[in-house]
Amino acid sequence: MPTDPATVHRLAPAVAARLLGVVLCAVAVLILVSTVVIAVADLHTVFLLVPVVLTFLLLLAAWWTWRQKGWVVRLTEEGYRVQWVRGVGVASARWRDVEDAVTTTVAGSPVVVLRLRDGRTTTIPVEVLAIDREAFVRDVQDHLQRGHGLRKW
């Protein structure tokens with residue numbers, strides 16, 4: 001029986017664009033403050049290379065983080081892991097520990113709630129994922145069924 005690789009669900013493009021906007025605003029503030037400090041201190045304009053290099057390094061670090069750790073939900077044969085979501089509850093667990101999965105709405109946003117046997121929960125907001133809501137729910141259900149040893153007919 002072949003093992004499926006991990007299923008990875010990444011950030012929705014709209015959320016990624018907002019995060020990139022925050023990074024670009026931070027870069028703009030860095031360059032503005034550096035320019036003012038250099039002008040007030042009457043330093044040579046070559047010192048503006050420092051914020052430019054820092055900007056380049058910051059954008060490179062943001063790209064690397066997005067490339068390597070830009071996923072939000074990772075579903076494997078053994079369990080799941082959620083990252084980059086505030087208020088998720090339990091960030092990772094084995095499928096054997098999951099009692100059931102339900103869909104609901106929290107603060108007007110659709111979420112998938114994985115209820116664990118010990119009473120704790122994992123809440124995954126579906127709007128931050130770059131996948132259709134129904135497709136994500138089917139994917140979670142498939143992994144949950146396989147994790148409990150059930151097969152599709």
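No hydrogens, no waters, no symmetry mates; every other heavy atom, side chains included, goes into these values.
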Q: If a pair satisfies salt bridge (Lys or Arg N to Asp or Glu O under 4.0 Å) and one of its residues is in residues 92-102, list it, with sequence neighbours excluded.
A: R94-D97, D100-R115

Q: Can you tell me which residue pairs pass the salt bridge (Lys or Arg N to Asp or Glu O under 4.0 Å) test with a partner in residues 121-141, sequence neighbours excluded?
A: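 Pairs touching residues 121-141 that pass the test: none.
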
Q: Where do W95 and R146 land on the side chain to side chain contact (heavy atoms under 4.5 Å, CB included) test, with the steps shown first?
A: CA-CA 8 Å; W95 292 119; R146 283 196 305 268; over 6 Å; no

Q: Could you pull out the closest heavy-atom pair between V128 and V15, with the gap in Å?
A: CA-CG2, 4.1 Å

Q: Does V29 belong to the same Ile/Leu/Val/Met/Phe/Trp/Tyr cluster as V50, with side-chain heavy atoms less than 4.5 Å apart forming each link?
A: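 No: no chain of side-chain contacts under 4.5 Å links V29 to V50.
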
Q: Hey, what do you get for CG (L114) to OH (Y80), rounding to the nearest 0.5 Å?
A: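 Between L114 CG and Y80 OH, I get 5.0 Å after rounding to 0.5 Å.
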
Q: Tell me whether V72 shares a hydrophobic cluster with I131, the cluster being built from Ile, Leu, Val, Met, Phe, Trp, Tyr side chains joined at under 4.5 Å.
A: yes

Q: Treat each ILVMFWY residue as a node, draw an edge where side-chain heavy atoms are under 4.5 Å apart, and state whether F56 and L58 are in one component.
A: no

Q: Looking only at non-hydrogen atoms, find the nearest pair between A101 and V140 and report the distance.
A: CB-CG1, 4.3 Å

Q: When you compare the side chain of V53 with that of L57, does any pair of heavy atoms fall below 4.5 Å?
A: yes

Q: Report yes or no: do V88 and V113 belong to one cluster of Ile/Leu/Val/Met/Phe/Trp/Tyr joined by side chain heavy-atom distances under 4.5 Å?
A: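 They do not share one cluster, since no chain of ILVMFWY contacts under 4.5 Å joins V88 to V113.
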
Q: Is it the case that the ring center of H9 lies less than 6.0 angstrom away from the ring center of F136?
A: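 Yes, close enough.
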
Q: With heavy-atom distances below 4.5 Å as the criterion, would you say the side chains of V112 and V126 are in contact?
A: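 Heavy-atom side-chain distance check passes, below 4.5 Å.
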
Q: What distance separates L19 CG from L24 CG, expressed to the nearest 0.5 Å?
A: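 It is 11.0 Å, given to the nearest 0.5 Å.
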
Q: Do the side chain of T76 and the main chain of A6 share a donor and acceptor less than 3.5 angstrom apart?
A: no

Q: Which residue pairs pass the side chain to side chain donor-acceptor pair (under 3.5 Å) test when at least one of the two sits in residues 51-74, sequence neighbours left out?
A: none

Q: Indicate the atoms forming the closest heavy-atom contact of V85 with P125, along with that distance.
A: CG1-CD, 3.6 Å

Q: By the definition side chain to side chain contact (heavy atoms under 4.5 Å, CB included), identify the one residue from L75, I124, V90 that meets it with V82.
A: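 Of L75, I124, V90, side chain to side chain contact (heavy atoms under 4.5 Å, CB included) with V82 is met by I124 alone.
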
Q: Taking it one step at a time, do I31 and V27 satisfy side chain to side chain contact (heavy atoms under 4.5 Å, CB included)?
A: CA-CA 6 Å; I31 291 176; V27 164; 4.1 Å; yes

